[in-house]
Amino acid sequence: MAILLHNAIFATMTEGYGLTEAAVVLNGDKIAWTGPLSDLPAPYADAPRHDLGGRLVTPALIDCHSHIVFAGDRAAEFEMRLNGASYEEVARAGGGILSTVKATRAASEAELLAQALARADQIIAGGVATLEIKSGYGLTVADELKLLRVAREIARHRPLTVRVTHLAAHAIPPEYAGRADAYIDEVAIPSLRTAHAEGLIDAVDGFCEGIAFSPAQIERLFLAAQSLNLPVKLHAEQLSDLKGAVLAARFNALSADHIEYLGSDGVAAMAAAGTTAVILPGAFYTLRETQAPPIAALRAAGVPMAVATDYNPGSAPIASLTLAMNMACTLFRMTPLEALQGTTTNAARALGLTDRGQIVLGQRADLAIWDARHPAELSYRIGATPLHARIFGGRFDA
Ligand code: DI6
Ligand code: FE
């Protein structure tokens, strides 16, 4: 079933914004034709026409880094930090990630799914059609598998493509305190093998940080991922420079994420490997960090930059991808064009997807229609989501 979209400004995201007023035909779940309405091929002459009233149309947004499968919330921790505690102090005091782990382990799969679906709905309402979701709040083999199943299940309930990432190497649970190597051997790697065998995962991630796992521990996990032919990603250089991005690049990682403390060696390694930088200003903002990622150096080196929410209960309780774009511009001096590339073409790249992120022939028919005239408005507005309508797989949302 084909539909025709016209009277709109399309940001095709080819060579910059790639703005055009040409018409677009969607056929099934693919973009089937673009061009001036006067050249419409005969087979599409009778396709239902949608006059978009001069609105802006972009590829549907892609949120390439989130942790939305968890139970509970961390409003109390938010308050604790406002009373003076640092993120690391909260984590070392057994709070932080571990309080979410406790609540998540206690929750049933059905409860986790219901909570995750509510968060997915918030994200979809922001114009997103592809969402990456990580595990990482279970931290036992059984609980990590539980989270991964819930993440996979979401796409069966919502018009959304979900890419699932294994993140058992997210934190060291209390029962493994001081035994991070044993955790990698007994939980992270076995859960990875089982999850892969059950078809639950698309990529493997880890948290390389003083409060989490060392580069040597991450390397053992990455070797296991490599033996299963699974692509890797890494939370790297968020709070310190452990050279995680250099390690990730050595494994041809899809992305290195956060990277506030990335050095010039990391920038060069990512550029050489084609690893995408995933910029997460929501966490930087929430933690009131002061060291911004080296955007100018990444730009100069030609490292592709993506922007994501990092939606999680601790460091980034942010559901809005356009707000993350605004923060990337205002806090990190990314340009509105880079911010939109970061949630379309480069976000697809960070997930290893080549079938989406641009409005061109043959790409998936996932589009966002905005109450806006120029793409810079998406990064410029704060606290309003100017989404007019969303199209997923060639169909308007009901
Ligand atoms: N880095 C982060 O910012 C989040 N995870 C990570 O590896 C924090 C997750 C949390 O605090 O719950
Ligand atoms: Fe994260």
Side-chain angles (χ1 to χ4, degrees), residues 65-68 70-105 134-139 167-184 187-188 205-219 221 233-248 256-263 266 277-294 308-318 324 327 331-332:
H65 182 140
S66 92
H67 311 243
I68 66 162
F70 62 86
D73 71 78
R74 303 249 286 280
E77 173 186 320
F78 176 68
E79 191 158 39
M80 188 177 156
R81 280 207 310 272
L82 282 166
N83 283 298
S86 73
Y87 183 69
E88 285 183 79
E89 281 164 357
V90 169
R92 287 191 198 283
I97 294 178
L98 296 182
S99 66
T100 299
V101 171
K102 208 170 159 193
T104 303
R105 285 178 177 178
K134 305 173 194 296
S135 66
Y137 290 111
L139 311 185
L167 180 60
H170 190 202
I172 300 153
E175 63 274 19
Y176 279 94
R179 299 189 298 130
D181 280 303
Y183 177 82
I184 293 286
V187 178
D205 194 351
F207 188 18
C208 187
E209 195 56 68
I211 57 170
F213 298 94
S214 69
Q217 288 155 352
I218 296 293
E219 179 164 17
L221 177 72
K233 319 165 72 70
L234 191 62
H235 287 68
E237 276 78 88
Q238 182 185 5
L239 308 169
S240 60
D241 185 8
L242 296 188
K243 311 295 175 196
V246 172
L247 168 70
D257 303 40
H258 288 287
I259 57 169
E260 278 83 345
Y261 286 82
L262 186 71
V278 177
I279 304 300
L280 302 168
F284 173 93
Y285 166 86
T286 300
L287 301 178
R288 302 182 75 240
E289 294 291 332
T290 50
Q291 170 135 348
T309 59
D310 196 19
Y311 194 164
N312 75 67
S315 66
I318 166 176
M327 290 176 175
L331 299 174
F332 296 160

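Not measured: the values here are computed from a predicted model.
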Residue pair H235 / D257, side-chain donor-acceptor N/O under 3.5 Å: no
Shortest non-hydrogen contact between P281 and A308, atoms and distance: CD-O, 4.2 Å
Side-chain touch Q238/L287, heavy atoms, less than 4.5 angstrom: yes
Contact check, side chains of R105 and L139, non-hydrogen atoms, under 4.5 Å: yes
Residue pair L167 / H67: nearest heavy atoms and the distance that separates them: CD2-CE1, 3.5 Å
Main-chain N/O of A168 paired to Y183 side chain as donor or acceptor, under 3.5 Å: yes
salt_bridge(D181, R179) N-O dist < 4.0 Å: no
Taking every non-hydrogen atom, the tightest pair across A188 and L221: CB-CD1, 4.1 Å
Considering all heavy atoms, the nearest L234-F207 contact: CD1-N, 4.4 Å
Aromatic ring pairing H65/H258, orientation class (parallel under 30°, perpendicular over 60°, tilted between): perpendicular
Least distance between heavy atoms, P317 atom then T286 atom: CD-OG1, 3.9 Å
Heavy-atom pair of closest approach, residues V101 and G138: CG1-O, 3.8 Å
